[in-house]
Amino acid sequence: MAPRPMIAGNWKMNGTKTMAIDLAQNLVARSKAAASVPRIALCPPAALLETVSRAVSGSPIVVGAQDCHPKDKGAHTGDTSAWLLKDVGCTYVIVGHSERRADHAETDAIVKSKAEAALAAGLTPIICVGETQSQRDAGKANDVVRGQILGSLPSSATATNVVIAYEPVWAIGTGRTATPNDVQDMHAVVRETFAKGRTDGADLTILYGGSVKGSNAKSLMSVPGVNGALVGGASLDAADFWAIIQSVA
Ligand code: 13P
């Protein structure tokens, strides 16, 4: 069965406490007044997780983190465990975002260990994959994404305890989106790769990410095999993010 659509806002390293409360409260009011809403997750910076978690409490909106450490605790200055994320109210955690793969040299093996930690803590990992422009130009996009999935997916992953986000690196923050055909093809690759040897492939939530906005959400979200969006820049604007939410409601 096709999964219930999901829209997640990745705030990245943006926001203040005041902005976080305003934005969360605005979206809570809209979601409470709406006839139907998809799954909605807000993923603010770590320091704002508890603030946003309190602001959305009692609403259909849940909170996700942007990263976690593979270990439960210990001498890892500056890192946050999946257990602590769960403790402060998170439901999801993004792992393997291309910005973390690039800025922090995160390999598939590291991403996999983070996704395993998330599952062990009772969080749903949103595992990000996606090719660079040069990999696409070289005709290697499908192989790259296949390899990332096979390398990053925990063995205990099921269609309902993980989410996969396809985010072509060249479409992130650039205003360029993949064409509906390219998105459809790659989501099929993601689903086939996940589904190999299992029967629950149709239930997997696969999000598209990369310059999704209110103005292009309807066409991207209606592509077969797309179950929602992982939104960066546009998730910082309540009206624009709400328009994306409405596109799948
Ligand atoms: P933009 O929507 O700003 O392109 O970012 C996409 C993204 O990286 C979400 O994780």
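Both counts, for ligands and for their atoms, begin at 1 and track the order of listing.
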| Where is the nearest protein heavy atom to atom 3 (O) of ligand 1: which residue, which atom, and how far? | Gly233 N, 2.8 Å
| request: Look at atom 2 (O) of ligand 1 and say which protein heavy atom is nearest, naming residue and atom and giving the distance to 0.1 Å. | output: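 The closest one turns out to be Gly232 N, 2.9 Å.
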| request: Answer yes or no for Gly209: is there a heavy-atom contact with ligand 1 below 4.0 Å? | output: no
| field | Whether Lys213 lies under 4.0 Å from ligand 1, heavy atom | value | no
Taking 4.0 angstrom as the limit and counting only heavy atoms of [X], give me the atoms of ligand 1 inside it, by number and element.
X	value
Glu167	6 (C), 7 (C), 8 (O), 9 (C), 10 (O)
Leu230	9 (C), 10 (O)
Ser211	1 (P), 2 (O), 4 (O)
Gly173	1 (P), 3 (O), 4 (O)
Gly210	4 (O), 6 (C)

| request: State, without any angle test, whether Glu50 and Ser53 hold a side-chain donor-acceptor pair at a distance under 3.5 Å. | output: no
| message | Checking side-chain polar atoms at under 3.5 Å, does Thr205 have a donor or acceptor matched by the opposite partner on Arg39? | response |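 Note: Thr205 and Arg39 side chains meet the donor-acceptor criterion.
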Taking distance alone, with N or O pairs closer than 3.5 Å, would you say [X] contacts ligand 1?
X	answer
Glu99	no
Lys12	yes
Ile172	no

| field | NZ (Lys140) with more than 12 external heavy atoms under 6.0 Å | value |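 It does not: Lys140 NZ has 12 such atoms or fewer within range.
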| Minimal non-hydrogen separation, Trp11 against Ser235, with atom names |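 Residues Trp11 and Ser235, closest heavy atoms: CD1-OG, 3.5 Å.
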